[in-house]
Amino acid sequence: MPRFAANLSMMYTEHDFLDRFAAASADGFDAVEYLFPYAYDASELRRRLDDHGLRQVLFNAPPGAWEPGERGIAALPGREAEVRSGVDRALEYAAALDCPRVHVMAGLVRPDATPKELAEHRDTYLANLARAAEQAAAVGVDILVEPINGRDMPGYFLSRQAEAHAVVQEVGAANLKVQLDLYHCQIVEGDLTTTLRRDLPTGRVGHLQIAGVPDRHEPDSGELNVSHLFGVVDELGFDGWIGCEYIPRAGTSEGLGWRHDYRGDSA
C-alpha cells in the first residue's frame, strides 16, 4: 500500500520546526521529508527522528542563495564547484540521518535564453548530475531530479516528465532518479494516470509527492481524484514513499481526513 511521508516544511507549521517531528508521529506518520536540514545540527535532527520513531526519506541539496531567490544551481554554468561541495554537505547529512534520497535542484534560467545558452545549461546539468550520482553511489544514496511547474517557479529549468526521464537516461547512473510530484505534473501536463502507468514500471521514479490542485492544499481538494491515483500507485506495486508536500488550509492534523479515509492507511 502507498506509504505517506509528512513534509515538515509545509505541514505542522503551527509548531516550531523541531517540534514538527513529534506532531507528525502523533498523527501516525512513519516518515518525514522537508526542504533543507542545514539550519540544524545533524545530531539534533537524528535525535528527533529516533525519539519519535520516524524515518527521513528525502531532503534537498543546498540550492544556492535561496532567500534572494535562487532555486538550485545544478544547471548554472560556472557554479560547478559549489554544486560539488553542496552535494558533499548533503551526503554528510544523509549519512547522519540515514536518508536514502537527495534532491538536487536545477535552478532558474532567463526567459530569453538562446538555444545555445539552453544547451549550455543542459550540458552543465548533465555533468553536475553525473558527478553527484557518482558521489552519492559511494554511500548508497539516490540523487533525484524534479520537474517543477512554471506557475509556482517561473523559469525553472526542468518542467516536464519526459525531460526529466531523458536526463536520467542520458546520464545513465543507476542511482539517478525522478521525483514525480503529481501536483506539478498536473499543472504542467496532466494525464496523471497514464504518466504513472508509463513511468513507475521503468524503475526511474524514486519518490512521489502529492498536493491538491490548483491551490496546493490537502490532496483531496480541487481537481485530483487522489483515491483513484493512490489505487493506481498500489496497482503498480510502487514501494517508495509519497511525500505530502502541501499547505494545510487550517491546522495540519484537522486536515488529515483524506489519509484516514484512504483504504490503505490504518492511521
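All values below were derived from every heavy atom in this structure, side-chain atoms included, with hydrogens, water molecules and symmetry-related copies excluded.
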Shortest non-hydrogen pair, Q186 vs D191, comes out as OE1-N, 4.3 Å
Please report the interatomic distance NE2(H184) to OG(S159), rounded to the nearest 0.5 Å. 11.0 Å
Could you check whether any side-chain heavy atom of T124 comes within less than 4.5 Å of a side-chain heavy atom of V83, counting everything from C-beta outward? no
Lys/Arg-Asp/Glu bridge criterion (N-O < 4.0 Å) met for E44, R47: yes
I'd like to know if R197 and E235 make a salt bridge, using a cut-off of under 4.0 Å between side-chain N and carboxylate O. yes
Treating Ile, Leu, Val, Met, Phe, Trp and Tyr as nodes and any side-chain heavy-atom pair under 4.5 angstrom as an edge, say whether L76 and V167 lie in one connected cluster. yes
Let me see the working for M11 and L256 under side chain to side chain contact (heavy atoms under 4.5 Å, CB included), right down to the final yes or no. CA-CA 11 Å; M11 301 173 73; L256 289 174; 4.1 Å; yes
If I take atom CD1 from residue I143 and atom CG from residue L91, how far apart are they, to the nearest 0.5 angstrom? 6.0 Å
Heavy-atom nearest pair, A106 first then Y156, reads N-OH, 2.7 Å
Where do T13 and S9 come nearest, in terms of heavy atoms and distance? CG2-O, 3.8 Å
Please check if the side chain of R55 supplies one atom and the backbone of V32 the other of a donor-acceptor pair under 3.5 Å. no
Do D19 and Y12 pass the side chain to side chain contact (heavy atoms under 4.5 Å, CB included) test, and can you show the C-alpha distance, the side-chain angles, and the key distance before you say yes or no? CA-CA 9 Å; D19 294 330; Y12 299 104; over 6 Å; no
Would I242 and L192 show up in the same hydrophobic cluster when neighbours are defined by side-chain heavy atoms closer than 4.5 Å? yes
Residues E14 and S253: closest non-hydrogen pair is OE2-N, 4.4 Å
So N149 and D181, do their side chains get closer than 4.5 Å, heavy atoms only? no
Taking atom CD of E134 as the centre, does the number of heavy atoms from other residues, nucleotides or ligands within less than 6.0 Å exceed 12? no
Between D142 and R101, is there a donor-acceptor pair closer than 3.5 Å when you use the side chain of the first and the backbone of the second? no
Where do W241 and L58 land on the side chain to side chain contact (heavy atoms under 4.5 Å, CB included) test, with the steps shown first? CA-CA 9 Å; W241 293 89; L58 177 73; over 6 Å; no
CD (E170) and CG (L126) are apart, to the nearest 0.5 Å, by 5.0 Å
Would you say that T195 contacts C185 through its side chain, given a criterion of any heavy-atom pair below 4.5 Å between the two side chains? yes
When you group the ILVMFWY residues by side-chain heavy-atom contacts below 4.5 Å and let the links chain together, are F36 and M153 in the same group? yes
Residue pairs, two or more places apart or on separate chains, that pass ring-ring contact (aromatic ring centres under 6.0 Å, His included) and touch residues 74-106: Y38-Y93
Can you check side-chain hydrogen bond (donor to acceptor under 3.5 Å, both in side chains) on E80 and N128, steps first, answer last? CA-CA 7 Å; E80 290 85 353; N128 280 328; 5.0 Å; no
Measuring from L196:CG to Q161:CD, what's the distance to the nearest 0.5 Å? 9.0 Å
Within a strict 4.5 Å, meaning less than it, do heavy atoms of the L97 and R48 side chains meet? no
Once rounded to the nearest 0.5 Å, what's the spacing between atom CD1 of I187 and atom CD1 of I148? 11.5 Å
Any luck finding a side-chain donor-acceptor pair between R204 and H165 under 3.5 Å? yes
After noting the C-alpha distance and the side-chain angles of T252 and R20, does the key distance pass the side-chain hydrogen bond (donor to acceptor under 3.5 Å, both in side chains) rule? CA-CA 10 Å; T252 303; R20 296 174 196 174; over 6 Å; no
For F4 together with F230, are the ring centres under 6.0 Å from each other? yes
Ion pair check, E82 and R79, cut-off under 4.0 Å: yes
Any heavy-atom pair between the side chains of P201 and L236 that's under 4.5 Å? yes
Check A74 against V104 and note the closest heavy-atom contact, atom names and distance. CB-CG1, 3.7 Å
Test log, rule side chain to side chain contact (heavy atoms under 4.5 Å, CB included), inputs M10 and Y34: CA-CA 8 Å; M10 292 191 175; Y34 40 71; over 6 Å; no
Report whether F59 and Y246 are members of the same hydrophobic cluster (ILVMFWY, side-chain heavy atoms less than 4.5 Å apart, transitive linking). yes
Does the pair R216/D152 count as a salt bridge with the N-to-O cut at 4.0 Å? yes
Partners passing ring-ring contact (aromatic ring centres under 6.0 Å, His included) against Y125 (at least two apart in sequence or in another chain): F157
Treating R3 as the side-chain partner and D239 as the backbone partner, does any N or O pair qualify as donor plus acceptor under 3.5 Å? yes
With heavy-atom distances below 4.5 Å as the criterion, would you say the side chains of V102 and V87 are in contact? no
Measure the CZ-CG distance between R122 and L158 for me, rounded to the nearest 0.5 Å. 9.5 Å
So which heavy atom on L224 is nearest to which on A211, and how close? CD1-O, 3.5 Å
Partners meeting salt bridge (charged side-chain N to carboxylate O under 4.0 Å, His left out) with R110 (sequence neighbours left out): D112, E117
Would you indicate whether the side-chain heavy atoms of H207 and L180 approach each other to under 4.5 Å? no
Is it the case that the side chain of T202 and the backbone of D199 share a donor-acceptor pair, with hydrogens and angles ignored and the cut-off at 3.5 Å? yes
Please say yes or no: joined through hydrophobic side-chain contacts below 4.5 Å, possibly via intermediate residues, are L208 and L144 part of one cluster? no
Given H217, E218, E254, the one that forms side chain to side chain donor-acceptor pair (under 3.5 Å) with R249: E218
Do P63 and E70 come close enough that some side-chain heavy atom pair is under 4.5 Å? no
Check this for me, if you would: do R46 and D41 make a salt bridge, where the nitrogen-to-carboxylate-oxygen distance has to be below 4.0 angstrom? no
